[in-house]
2 protein chains.
Amino acid sequence: MRIVKAAEERRNEILDAADELFGQKGFDGTSTNDILLKVGIARGTLYHHFKSKEDMIDALIERYSVRLLGSAQDIAANKSIPVVERIVRVVMALNLNGRSSMEIMEHIHKPQNALMHQKIQRVIINGITPILTGIIREGIEQELFSTPFPYECMEMIVTYANTVFDDDMVPMTDEERTSRMQAFVFNAERLLGAESGSLMHVMQMFGSQQA
Amino acid sequence: MRIVKAAEERRNEILDAADELFGQKGFDGTSTNDILLKVGIARGTLYHHFKSKEDMIDALIERYSVRLLGSAQDIAANKSIPVVERIVRVVMALNLNGRSSMEIMEHIHKPQNALMHQKIQRVIINGITPILTGIIREGIEQELFSTPFPYECMEMIVTYANTVFDDDMVPMTDEERTSRMQAFVFNAERLLGAESGSLMHVMQMFGSQQA
DNA sequence: TTTTGACCGACCGACTGCCTGTCGGTTTAA
DNA sequence: TTAAACCGACAGGCAGTCGGTCGGTCAAAA
């Protein structure tokens with residue numbers, strides 16, 4: 001008995017299954033067979049909807065980034081929230097976004113997922129930096145910050161945080177992590193030309209989020 | 001006619017072949033068959049010397065890192081060179097090191113090489129940062145720099161430079177690249193607490209190296 | 001209004017070719 | 001003689017292909 005569905009519905013079913021399986025077993029560790037069995041379709045159907053396995057990964061990342069950047073953008077646009085607090089909220093939105101993105105992130109750091117990880121990193125660096133830079137510019141107008149290079153400045157901060165705190169790039173004990181947080185806030189203040197201690201709220205965010 | 005060689009010699013032959021092929025066709029794009037044909041050995045021989053394909057990548061990276069960090073370390077230890085110039089030289093040593101590492105780097109940014117790339121990134125960040133931090137500490141003693149967090153500071157600089165300038169993480173035109181260099185130097189000065197303009201030499205290095 | 005049939009795209013699954021890793025056996029040098 | 005370097009057939013699994021099937025839709029005919 002053949003079940004016919006609208007292309008987009010089927011596509012999403014496949015992406016949902018792939019999402020879960022990639023998270024559990026990694027990209028390389030998940031075979032197209034695993035996916036089509038989970039969805040309950042035939043090989044040909046899968047390749048009717050996706051050009052290749054990598055095409056699926058790209059579609060998946062597109063879904064993530066829309067959710068991720070969308071919610072970040074919403075918060076960034078809310079000018080009623082003070083600048084520093086808004087930055088904190090934007091960053092938080094990245095890490096505990098949709099229901100599943102927590103789980104995704106937990107598994108994305110496995111070595112098998114290097115390709116996927118790289119692609120997500122690209123989305124984050126190039127997607128979040130402009131959003132945060134907008135807020136920074138407000139902060140500059142309010143004389144909270146002072147830098148001739150707000151974009152490059154944020155790019156550096158985002159890149160570093162994303163590499164060192166979110167990846168397994170640098171192996172750290174809990175203590176090392178804490179001291180790195182302190183250094184990070186200190187360095188961010190210097191980069192942004194902010195008054196010393198004015199970003200300490202950020203510290204609390206990282207602390208609570210980690211639990 | 002069977003040719004028997006010392007294990008280490010054979011191992012290096014295999015690594016040399018893998019090195020070249022990975023560079024040309026990427027890690028995933030290179031089959032073990034390609035490698036053993038190039039070396040002129042049988043499948044069993046290859047797996048006699050290496051546990052798996054990933055084992056080969058790890059051995060390859062080990063070779064790189066010994067060369068890379070070794071030469072960097074040598075330069076860093078040479079206290080007769082002024083601090084700022086020594087930093088420049090260490091960084092240069094990374095990019096135009098052995099004969100082949102130029103070629104390696106050219107090909108390492110292909111999407112197929114994500115895993116290898118990630119592993120190299122890890123080696124660089126965790127290997128170069130302590131070396132450069134040593135020099136920075138000298139600079140602090142000489143009151144060229146001033147920061148309570150020299151290690152984390154350099155980690156940030158190294159991570160950013162390696163991600164944005166060496167990867168294809170951020171697509172850039174030549175002009176964007178130049179402006180990012182200026183911003184980078186400016187930001188590095190702020191992070192290190194250096195006098196404004198004191199790191200401008202670094203700029204020249206990046207400029208000449210790019211040609 | 002109802003029926004017919006052409007059409008399109010969702011769907012199927014056997015098949016191809018390639019790939020990694022294994023294993024029992026063979027050769028060589030010490 | 002013995003250890004280790006070497007061999008190549010083989011197993012199992014994988015991504016992607018392809019010719020063909022089936023079901024929903026829509027317009028024209030009854």
Side-chain angles (χ1 to χ4, degrees), chain A residues 1-61 110-116 118-119, chain B residues 1-61 110-116 118-119:
Chain A
M1 45 165 192
R2 156 187 299 210
I3 300 165
V4 175
K5 299 191 178 177
E8 187 161 351
E9 187 183 349
R10 189 63 94 190
R11 246 182 93 91
N12 270 317
E13 278 183 22
I14 295 171
L15 287 180
D16 289 340
D19 191 346
E20 194 173 331
L21 289 171
F22 287 167
Q24 285 168 13
K25 321 199 316 185
F27 180 67
D28 285 349
T30 303
S31 70
T32 51
N33 231 20
D34 294 337
I35 296 168
L36 58 93
L37 283 177
K38 180 161 186 129
V39 181
I41 55 172
R43 291 196 74 64
T45 307
L46 195 143
Y47 280 89
H48 175 70
H49 291 283
F50 294 95
K51 183 170 132 284
S52 67
K53 205 180 164 188
E54 189 168 352
D55 191 30
M56 290 178 49
I57 220 185
D58 288 338
L60 217 40
I61 287 176
K110 292 176 184 168
Q112 313 138 341
N113 295 13
L115 178 63
M116 189 152 188
Q118 198 180 66
K119 290 182 184 236
Chain B
M1 47 165 191
R2 157 187 298 211
I3 299 165
V4 176
K5 299 191 178 178
E8 186 160 349
E9 187 183 351
R10 188 65 92 189
R11 246 182 93 92
N12 271 318
E13 277 183 22
I14 295 171
L15 287 180
D16 288 339
D19 190 345
E20 193 173 333
L21 289 171
F22 287 167
Q24 286 168 13
K25 320 198 321 186
F27 179 67
D28 285 350
T30 302
S31 70
T32 51
N33 232 16
D34 294 336
I35 297 168
L36 57 92
L37 282 177
K38 181 161 185 129
V39 180
I41 54 173
R43 290 197 74 65
T45 306
L46 194 145
Y47 280 89
H48 174 71
H49 291 283
F50 294 95
K51 185 169 130 282
S52 68
K53 204 180 164 187
E54 188 169 353
D55 190 30
M56 288 179 47
I57 218 184
D58 288 338
L60 216 40
I61 288 175
K110 292 175 184 166
Q112 312 138 342
N113 295 13
L115 177 62
M116 190 153 185
Q118 197 180 66
K119 290 184 184 234

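Since this is a predicted model, take the numbers as computed values, not measurements. What's counted below: heavy atoms across the whole structure, side chains too, no hydrogens, waters or symmetry copies. Protein chains get the first letters and strands the later ones, always in sequence-line order, with residue 1 at the start of each.
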Colleague: Within the side chain of A:Asn12, is there an N or O that forms a donor-acceptor pair under 3.5 Å with the backbone of A:Glu9?
Modeller: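 Checked: no pair found.
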
Colleague: Considering non-hydrogen atoms only, spot the tightest contact between B:Ala42 and B:Leu36 and give its length.
Modeller: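 Heavy atoms of B:Ala42 and B:Leu36 come nearest at C-CD2, 4.3 Å.
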
Colleague: Could you check A:Met56 against A:Leu46 for side chain to side chain contact (heavy atoms under 4.5 Å, CB included), going step by step and ending with a plain yes or no?
Modeller: CA-CA 10 Å; A:Met56 290 178 49; A:Leu46 195 143; 3.9 Å; yes

Colleague: Of the candidate nucleotides D:dA5, C:dC11, C:dA10, which contains the atom at the shortest distance from the side chain of A:Arg10?
Modeller: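 Nearest to the side chain of A:Arg10 among the choices is C:dC11.
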
Colleague: What integer distance in Å separates A:Glu9:CD from C:dG9:P?
Modeller: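 Between P of C:dG9 and CD of A:Glu9: 18 Å.
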
Colleague: Between C:dC12 atom C1' and A:Ile14 atom CD1, what is the distance in whole Å?
Modeller: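 A:Ile14 atom CD1 is separated from C:dC12 atom C1' by 13 Å.
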
Colleague: In whole angstrom, what separates A:Glu8's CD from C:dG9's C1'?
Modeller: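 Taking CD of A:Glu8 and C1' of C:dG9, I get 15 Å after rounding.
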
Colleague: For a quick test of reading the model, state the closest non-hydrogen atom pair linking B:Tyr47 to B:Thr32 and the distance between them.
Modeller: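 Nearest heavy atoms, B:Tyr47 then B:Thr32: OH-CG2, 3.4 Å.
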
Colleague: What's the CG-P distance between B:Leu36 and C:dT20, to the nearest Å?
Modeller: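 After rounding, the reported distance stands at 9 Å.
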
Colleague: Between P on C:dG21 and NE2 on B:His49, what's the gap in Å once rounded to a whole number?
Modeller: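 Rounding to the nearest Å, NE2 of B:His49 and P of C:dG21 are 16 Å apart.
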
Colleague: Could you run down nucleotides 12-18 of chain D 5' to 3' and tag each one B, S or - for protein heavy-atom contact under 4.0 Å?
Modeller: --SBBBB

Colleague: Is it the case that the side chain of A:Asp34 and the backbone of A:Ser31 share a donor-acceptor pair, with hydrogens and angles ignored and the cut-off at 3.5 Å?
Modeller: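 Yes, because the side chain of A:Asp34 sits within donor-acceptor range (under 3.5 Å) of the backbone of A:Ser31.
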
Colleague: Please lay out, stage by stage, how B:Ile41 and B:Ile14 fare under the test side chain to side chain contact (heavy atoms under 4.5 Å, CB included).
Modeller: CA-CA 9 Å; B:Ile41 54 173; B:Ile14 295 171; 3.8 Å; yes

Colleague: In Å, rounded to the nearest 0.5 Å, how long is the span from CG of A:Asp19 to CD1 of A:Ile57?
Modeller: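 Reported to 0.5 Å precision, the distance equals 11.0 Å.
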
Colleague: Rounded to the Å, how far apart are B:His48 NE2 and C:dG24 C1'?
Modeller: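 Nearest whole value for this atom pair: 15 Å.
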
Colleague: Can you measure A:Ile3 atom CD1 to C:dG13 atom P for me and round it to whole angstrom units?
Modeller: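 One finds 12 Å between P of C:dG13 and CD1 of A:Ile3, rounded.
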
Colleague: So, are A:Arg10 and A:Glu13 salt-bridged, with charged N and O less than 4.0 Å apart?
Modeller: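 The answer is yes: the pair qualifies as a salt bridge.
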
Colleague: Are any protein N/O atoms closer than 3.5 Å to N/O atoms in nucleotides 20-22 of chain D? If there are, list each pair with its distance.
Modeller:
| unit_1 | atom_1 | unit_2 | atom_2 | d |
| --- | --- | --- | --- | --- |
| D:dT21 | O2 | A:Arg2 | NH1 | 3.1 |
| D:dT21 | O2 | A:Arg2 | NH2 | 3.2 |
| D:dC22 | O4' | A:Arg2 | NH1 | 3.3 |
| D:dC22 | O2 | A:Arg2 | NH1 | 3.4 |

Colleague: Could you note down all residue pairs passing salt bridge (charged side-chain N to carboxylate O under 4.0 Å, His left out) where residues 37-49 of chain B supplies at least one of them, sequence neighbours left out?
Modeller: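 For residues 37-49 of chain B: B:Glu20-B:Lys38.
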
